[in-house]
There are 2 protein chains.
Amino acid sequence: MTSSIEFVEKLRKSGLRPTKQRIEICKVLFNSEKTFHFTINDLVKMIEDKNNKKISLATVYNTIHAFEKKGYLKEIAINSSQTYFDTNTSDHHHFFDEKEKELIDLENKDVDPIKIKKNISGKKIRSVEVLVRIDTDNQ
Amino acid sequence: MTSSIEFVEKLRKSGLRPTKQRIEICKVLFNSEKTFHFTINDLVKMIEDKNNKKISLATVYNTIHAFEKKGYLKEIAINSSQTYFDTNTSDHHHFFDEKEKELIDLENKDVDPIKIKKNISGKKIRSVEVLVRIDTDNQ
DNA sequence: CTATAGTTTAGAATGATTATAAGCTATTTT
DNA sequence: AAAATAGCTTATAATCATTCTAAACTATAG
Ligand SMILES: [Mn+2]
Ligand SMILES: [Mn+2]
Ligand SMILES: [Zn+2]
Ligand SMILES: [Zn+2]
């Protein structure tokens, strides 16, 4: 459980003014025991349900992108109509449940190290991500 | 080099009527020596440049999705504003060049087999895809 | 040939995301 | 502490990839 004061400090250190909207977003994102995955719409709903008060969608987008840039969030690559974000910024992979449209962490330890035996000249590897699509086990 | 007649047959066998639009799309997609990656906009441009004639965007979307459903194309998961498709339907992975916004094949043989040591009960693995993001090697 | 189901098409609708620009607020300067 | 400034929030409009619609067209079965 992180206090508001700590979020204020974290924001200031990041060069972001500690507004009440940003502190609210921090509370929702970084106060839970476990990390989680979310879409912008999920997050707006969480914040508005918690505070019984509207927050501008633009503010949420702006803040999430600011946090992503600072490395406090990761964006997950899925071909879905909505972008997913992750409060788990460690190096890890994902299952994507096609039925539930839900991401599940696949820790690095649960996948053998991935050795890429090809390299593209003049290019540097930025990330290596595994996406395992899963679906109901029927038929 | 596949002839139109072969595409007609392939379409008929797939339960798709061999219209001239579909045959044109087949020619552009399945006549080249090498497989390739494309977006819908890329494809529309290729077709219109080749034939000096408009094709309806809706037809291209419909046909690509029909071909995808038949397994003649794969959709590649990238968080980009456009969806990418692949004429290489074999089991393989990708580099994504963040600067050029371009996909490059990473053959299965160029990656050690990926062993997923975690399983989600009641769920079946549909696919395992590796995406390696690359960028210019500067600084 | 005729009927029918399937297809193409232009254009409208959708929906996630981004842009705009006016008012508000945290912080700095005086 | 008040004023000035730069940064932030907001409602709303714009953007743009994709999907929908429904009317006209076409492949094909009978
Ligand atoms: Mn982003
Ligand atoms: Mn698709
Ligand atoms: Zn995760
Ligand atoms: Zn490929």
Side-chain angles (χ1 to χ4, degrees), chain A residues 4-5 7-28 37-48 51 53-70 72-73 75-85 101 103, chain B residues 4-5 7-28 37-48 51 53-70 72-73 75-85 101 103:
Chain A
S4 285
I5 292 162
F7 289 134
V8 168
E9 226 166 278
K10 178 176 176 164
L11 287 165
R12 280 220 186 85
K13 272 183 194 153
S14 310
L16 298 169
R17 289 190 179 171
T19 63
K20 61 180 183 312
Q21 291 85 350
R22 285 175 175 164
I23 293 164
E24 269 317 308
I25 292 173
C26 283
K27 284 183 187 167
V28 170
H37 308 101
F38 63 96
T39 64
I40 295 289
N41 285 341
D42 292 339
L43 182 56
V44 168
K45 200 164 181 327
M46 283 188 246
I47 293 167
E48 295 187 345
N51 301 334
K53 200 158 158 301
K54 293 265 164 240
I55 186 170
S56 169
L57 193 53
T59 300
V60 178
Y61 272 102
N62 289 340
T63 301
I64 290 316
H65 285 130
F67 286 2
E68 188 194 0
K69 200 161 292 174
K70 295 295 171 184
Y72 304 147
L73 290 173
E75 194 177 321
I76 309 300
I78 302 167
N79 267 17
S80 155
S81 54
Q82 285 186 99
T83 301
Y84 285 72
F85 293 91
K101 301 292 177 209
L103 281 166
Chain B
S4 285
I5 292 162
F7 289 134
V8 168
E9 226 166 276
K10 179 177 176 164
L11 287 165
R12 280 220 185 85
K13 272 182 193 154
S14 311
L16 298 169
R17 288 189 181 174
T19 63
K20 61 180 183 315
Q21 291 84 350
R22 285 175 176 163
I23 293 165
E24 270 316 308
I25 292 173
C26 283
K27 284 183 188 167
V28 170
H37 308 101
F38 65 93
T39 64
I40 295 289
N41 284 341
D42 293 339
L43 182 56
V44 168
K45 199 166 182 326
M46 282 188 246
I47 293 166
E48 294 187 345
N51 301 335
K53 202 158 156 301
K54 294 264 164 241
I55 186 169
S56 169
L57 193 54
T59 298
V60 178
Y61 272 103
N62 289 341
T63 301
I64 290 316
H65 284 131
F67 285 4
E68 188 194 358
K69 199 162 292 173
K70 295 294 172 185
Y72 304 147
L73 291 173
E75 194 177 322
I76 309 299
I78 301 166
N79 265 16
S80 154
S81 53
Q82 284 187 101
T83 300
Y84 285 73
F85 293 91
K101 302 291 176 209
L103 281 166

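Small disclaimer: the values here were computed from a predicted structure and weren't measured. Numbered from 1 within each chain, the chains take letters A, B, ... in sequence-line order.
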B:Arg22 side-chain N/O to C:dT8 phosphate OP1/OP2 under 4.0 Å
yes
Round to the nearest Å and state the distance from B:Lys20 atom NZ to C:dG6 atom C1'.
14 Å
Sub-3.5 Å donor-acceptor pair from the side chain of B:Ser56 to the main-chain atoms of B:Ala58, do we have one?
yes
Length of the CG-C1' vector between A:Leu11 and D:dC8, whole Å
12 Å
Side chain to side chain contact (heavy atoms under 4.5 Å, CB included), paired with A:Ile25, selected from A:Leu11, A:Val44, A:Ile64
A:Ile64
Could you state the CD-P distance from A:Glu24 to C:dT25, rounded to the nearest angstrom?
16 Å
Any sub-3.5 Å donor-acceptor pair from B:Asn79's side-chain atoms to A:Asn79's backbone N or O?
no
Figure out the CD1/P separation between B:Ile64 and C:dT8, and round it to whole Å.
11 Å
When the distance from NZ of B:Lys54 to P of C:dA10 is rounded to whole Å, what number comes out?
9 Å
In terms of heavy-atom contacts, B:Ile55 and B:Glu48 come closest through N-OE2, 3.1 Å
With 3.5 Å as the limit, what N/O pairs link the protein to nucleotides 27-30 of chain C?
from: C:dT27; atom 1: OP1; to: A:Arg12; atom 2: NE; distance (Å): 2.8
from: C:dT27; atom 1: OP1; to: A:Arg12; atom 2: NH2; distance (Å): 3.3
from: C:dT27; atom 1: OP2; to: A:Arg12; atom 2: NH2; distance (Å): 3.2

Students often get this wrong, so: under 4.0 angstrom with heavy atoms, is B:Ile55 touching a base, only sugar-phosphate, or nothing?
sugar-phosphate
4.5 Å side-chain heavy-atom contact, A:Lys101 and A:Tyr84:
yes
How close or far is atom P of C:dA16 from atom NE2 of A:His65, stated in whole angstroms?
14 Å
Length of the CD-C1' vector between A:Glu75 and C:dT17, whole Å:
11 Å
Check whether B:Arg22 reaches the backbone of B:Arg17 with its side chain - one donor and one acceptor, N or O, closer than 3.5 Å.
yes
For B:Lys27 and B:Glu24: C-alpha separation, side-chain torsions, deciding distance, then whether salt bridge (charged side-chain N to carboxylate O under 4.0 Å, His left out) applies.
CA-CA 5 Å; B:Lys27 284 183 188 167; B:Glu24 270 316 308; 3.3 Å; yes
For the student: nearest non-hydrogen atoms of A:Lys70 and A:Ser14, plus distance:
NZ-O, 2.9 Å
Closest of C:dT8, D:dT10, D:dT18 to the A:Asn62 side chain is D:dT10
Phosphate OP1/OP2 of D:dT10: any A:Gln21 side-chain N/O under 4.0 Å
yes
Looking at D:dT10, I'd like to know if its phosphate oxygens (OP1 or OP2) sit under 4.0 Å from a side-chain N or O belonging to A:Thr59.
yes
Tell me: CZ of B:Phe67 to P of C:dT7, nearest whole Å?
11 Å
Tabulate protein N/O versus nucleotide N/O from nucleotides 15-17 of chain D, keeping only pairs under 3.5 Å, one per line.
from: D:dA17; atom 1: O3'; to: B:Ser81; atom 2: O; distance (Å): 3.4

Any B:Gln21 side-chain heavy atom under 4.5 Å of B:Thr63 side chain:
no
Identify, between A:Ala58 and B:Thr19, the residue whose nearest nucleotide on DNA chain D lies closer to the 5' end.
A:Ala58
